[in-house]
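Every value quoted in this text rests on a predicted model; they were computed, and no experiment measured them.
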Amino acid sequence: MTEIKFSSVLNNRNILSPSNYSSFDILASKKYPLRDLIDGIDKGIEIGSTNYVEKSDYKFIRTAAFTDYKCSIVEDENSVLPISKLAFIDMNLKQNDLLIVKDSNVGEAVLLDRDYPSYMYSSGINRIKISKDKYYIYAVIKNDKFKEQLFSKIPKGATIMHAKDLYLDCIIPYPNSRKVVEYVESLIKIIINKENELKNKITKINEIVLTELNYSNWTKDNNVKYPKISQLMQINRLDTGNYTEEFSVIDNNIKNYYNGCFYISEDCISGGNTPKQRYISDNKNLKYYWIVPSYIYDDGTIDLSYKIDCDKNNINENCMLIINRTSKGGLGEYVGISSYYDYGINGKAQHNQGIYRVRDNNDKKLIFMTCLMNSKIYRKYCANLSMGSKMKELKLNNILSIPFPNFPENVVSNICSLYYNQLIKGESTSEQFEIDNKNWDDRAGVLDLFSSIQKTKEKLNDIIENIYNNKDIDITYKIF
């Protein structure tokens with residue numbers, strides 16, 4: 001049993017909250033407070049919501065742009081906002097700048113993947129200047145144990161957490177071997193490169209889709225001003241974007257694609273369910289993977305961290321999973337996001353009622369439809385097609401009405417190879433470790449890269465855990 005000294009109670013102003021007396025054991029023989037390892041800090045600035053505008057070349061990075069699963073900022077309509085030029089302050093954001101959140105989702109950190117010349121960051125964010133072992137320190141900050149340290153230091157009870165500069169008091173453990181430091185730095189660099197390559201592949205898919213649809217030559221539909229009585233009678237709802245000019249233009253151009261289009265057959269689509277009797281956990285020994293809408297990311301990848309025990313599962317073959325209902329966003333831009341589920345690799349799974357499952361199609365067709373559904377043009381299409389106010393939804397008849405253009409076979413193959421390749425992973429050497437991974441990344445698809453990122457992170461986190469606990473480190477050079 002842990003003993004609490006009377007002096008500790010006095011130091012905590014007689015507050016008996018358990019969190020005030022929690023301790024965090026770090027067994028590493030070499031360890032330093034973060035503040036002793038940095039060269040300085042650049043604090044963010046708050047500009048006020050009155051300076052937010054609808055469109056601008058100048059952007060404001062909020063704390064929502066930082067996540068635990070990405071090494072770079074995530075840009076969307078909530079995390080990075082356009083602001084007035086008059087409010088903009090040039091912060092000279094450069095590639096590999098280390099930014100950390102001190103308010104709200106405290107402890108989240110990124111290394112910028114490129115220069116951001118027209119961006120500034122909020123007062124809830126600090127830039128940390130580090131001249132030595134930056135990648136190693138960043139890898140430790142990204143590990144959950146750093147946030148556990150930080151959370152133990154932050155006063156409890158507030159709706160929004162404020163870490164102030166307490167993150168600087170968190171301890172950075174070091175291994176006894178310089179070789180381990182270099183290995184950790186290689187691993188985090190490899191992860192960052194894979195994430196960047198994944199984004200590049202998604203950009204290429206979008207470019208191919210828009211080029212093949214001849215998007216640059218699309219024109220506005222000046223005939224769309226008000227909904228027609230026939231449309232209202234057919235759709236029988238007002239809370240939908242089916243009547244907008246944007247939807248009309250996209251719908252007409254896809255349906256008039258020179259090679260025609262196809263639709264999902266009702267015989268090939270099924271809904272999901274949450275079993276009445278179930279046990280859900282991150283325990284890997286449970287029967288099936290458990291998939292809900294929040295586990296499918298915007299880039300068409302799936303977080304398979306959770307599993308479920310239930311009487312019967314519903315994923316028993318390769319399929320396309322479509323999010324049909326979500327409260328994320330406000331315009332319906334997140335409904336319809338899809339992922340290809342490889343049954344041969346992942347095995348049996350169960351998805352809930354917020355997802356539709358498309359099956360009984362060949363793998364290439366499933367992957368092709370997945371890529372289209374996640375493309376920017378289909379994000380707009382699905383947003384307008386969705387219904388509801390607080391909870392945006394695509395009903396079965398909405399999904400069955402979505403047209404998929406019959407792209408030429410070579411274009412379909414190109415798109416599919418950018419999304420999934422099932423590349424073989426090989427061994428490497430200390431000298432070629434980063435180079436071999438980069439060469440593999442160049443040929444890998446989105447799903448290949450995501451899988452490799454997850455496995456590389458597992459290796460990195462195991463190593464950092466062992467550094468904290470002063471255990472032996474297993475250094476392995478390969479493509480994870």
Side-chain angles (χ1 to χ4, degrees), residues 7-15 17-26 28 30-48 60-68 70-74 79-80 89-94 96-112 116 119-174 184 188 464 467-468:
S7 58
S8 298
V9 177
L10 293 177
N11 289 334
N12 281 286
R13 296 171 294 153
N14 298 323
I15 297 173
S17 172
S19 62
N20 287 13
Y21 304 95
S22 60
S23 59
F24 194 91
D25 294 329
I26 300 175
K30 294 195 291 183
K31 48 195 174 185
Y32 313 94
L34 178 59
R35 68 173 66 252
D36 291 350
L37 302 173
I38 68 173
D39 304 319
I41 293 173
D42 292 332
K43 295 186 177 182
I45 298 171
E46 205 58 50
I47 61 169
F60 185 69
I61 303 173
R62 304 170 73 192
T63 58
F66 294 66
T67 68
D68 60 348
K70 293 280 188 182
C71 291
S72 58
I73 62 171
V74 176
S79 61
V80 179
I89 297 172
D90 188 3
M91 293 183 167
N92 194 29
L93 290 173
K94 298 293 185 182
N96 296 327
D97 277 356
L98 199 166
L99 305 182
I100 189 169
V101 177
K102 68 180 188 66
D103 296 332
S104 188
N105 51 330
V106 298
E108 298 298 351
V110 301
L111 277 178
L112 295 182
Y116 286 81
Y119 289 65
M120 62 178 293
Y121 52 90
S122 76
S123 59
I125 301 167
N126 286 348
R127 172 167 49 190
I128 305 176
K129 298 178 179 179
I130 303 175
S131 57
K132 183 182 179 182
D133 297 340
K134 176 189 279 190
Y135 285 95
Y136 174 81
I137 294 169
Y138 174 69
V140 175
I141 290 174
K142 258 329 237 188
N143 186 269
D144 285 344
K145 282 193 172 295
F146 182 87
K147 278 178 276 191
E148 288 175 20
Q149 287 188 70
L150 183 55
F151 292 162
S152 70
K153 299 176 184 295
I154 300 172
K156 304 298 182 294
T159 303
I160 298 177
M161 288 193 290
H162 299 280
K164 299 181 182 179
D165 290 337
L166 291 173
Y167 65 89
L168 294 174
D169 297 326
C170 291
I171 302 300
I172 303 295
Y174 265 79
V184 168
I188 195 67
I464 292 176
I467 292 172
Y468 269 100

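- Within the 3.5 Å criterion, the main-chain N or O of Asn96 finds a donor-acceptor partner in the side chain of Lys134.
- Nearest approach of Ile141 to Phe146, heavy atoms of both residues: O-CB, 3.6 Å.
- Judged purely by atom type and a 3.5 angstrom limit, Asp39 uses its side chain to pair as donor or acceptor with the backbone of Ser131.
- Going from atom CZ of Arg35 over to atom CD1 of Ile172 covers 12.0 Å, rounded to the nearest 0.5 Å.
- Contact of the Ile130 side chain with the Leu98 side chain is registered, since non-hydrogen atoms from C-beta on lie closer than 4.5 Å.
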Decide yes or no on side-chain contact (heavy atoms from CB on, under 4.5 Å) for Leu99 and Phe66, but give the supporting numbers first. CA-CA 9 Å; Leu99 305 182; Phe66 294 66; 3.8 Å; yes
Could you walk me through whether Lys129 and Asp42 satisfy the salt bridge (charged side-chain N to carboxylate O under 4.0 Å, His left out) test, starting with their C-alpha distance in whole Å, then the side-chain angles of each, then the deciding distance to 0.1 Å, before giving a yes or no? CA-CA 8 Å; Lys129 298 178 179 179; Asp42 292 332; 3.5 Å; yes
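- Taking each heavy atom of Tyr138 and Ile188 in turn, the nearest pair found is CD2-CG1, 3.8 Å.
- Counting heavy atoms of neighbouring residues, nucleotides and ligands inside a 6.0 Å radius, atom NZ of Lys30 exceeds 12 of them.
- Applying the side-chain contact (heavy atoms from CB on, under 4.5 Å) test to Ser122 and every residue at least two apart in sequence or in another chain returns Glu46, Phe60, Thr63, Ile125.
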Begin from the C-alpha positions of Cys170 and Lys153 and carry the test side-chain contact (heavy atoms from CB on, under 4.5 Å) through to its verdict. CA-CA 9 Å; Cys170 291; Lys153 299 176 184 295; 4.1 Å; yes
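- With sequence neighbours left out, Tyr121 forms a ring-ring contact (aromatic ring centres under 6.0 Å, His included) with no residue at all.
- Taking every heavy atom of both residues into account, Leu34 and Ile128 meet most closely at CD2-CD1, 4.3 Å.
- When every heavy atom of Ala139 is checked against every heavy atom of Val184, the shortest pair comes out as CB-CG1, 3.7 Å.
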Go through Leu168 and Ile38 one step at a time and tell me if the side-chain contact (heavy atoms from CB on, under 4.5 Å) criterion holds. CA-CA 9 Å; Leu168 294 174; Ile38 68 173; 3.6 Å; yes
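- In terms of heavy-atom proximity, Asn126 sits nearest to Lys102 at ND2-CD, 3.6 Å.
- The closest side-chain heavy-atom distance from Arg127 to Leu93 is below 4.5 Å.
- Between Val106 and Phe151 there is a side-chain heavy-atom pair separated by less than 4.5 Å.
- Arg62 contributes atom CZ, which lies 9.0 Å from atom OG of Ser104 (distance to the nearest 0.5 angstrom).
- The side-chain contact (heavy atoms from CB on, under 4.5 Å) test applied to Ile45 returns Ile89, Met91, Met120, not counting sequence neighbours.
- Qualifying ring-ring contact (aromatic ring centres under 6.0 Å, His included) partners for Tyr135, counting only residues two or more places apart in sequence or in other chains: none.
- The distance from atom CD1 of Ile171 to atom CD of Gln149, rounded to the nearest 0.5 Å, is 6.0 Å.
- Taking OH of Tyr136 as the reference point, atom CG of Leu37 lies at 9.5 Å (rounded to 0.5 Å).
- Partners of Asp36 under the side-chain contact (heavy atoms from CB on, under 4.5 Å) rule, at least two apart in sequence or in another chain, are Pro33.
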Worked verdict on Tyr468 versus Val140 for side-chain contact (heavy atoms from CB on, under 4.5 Å): CA-CA 10 Å; Tyr468 269 100; Val140 175; 3.8 Å; yes
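- Judged purely by atom type and a 3.5 angstrom limit, Lys31 uses its side chain to pair as donor or acceptor with the backbone of Ile26.
- By the side-chain contact (heavy atoms from CB on, under 4.5 Å) test, Thr67 is found to be paired with Tyr69, Lys70, Val74, residues two or more places apart in sequence or in another chain being considered.
- Between Tyr174 and Tyr32, the two ring planes are perpendicular [angle over 60°; tilted spans 30° to 60°].
- In this structure, the side chain of Glu108 does not engage the main chain of Ile100 through any donor-acceptor pair within 3.5 Å.
- The two residues Val110 and Ser72 come nearest to each other via the heavy atoms CG1-C, 3.7 Å.
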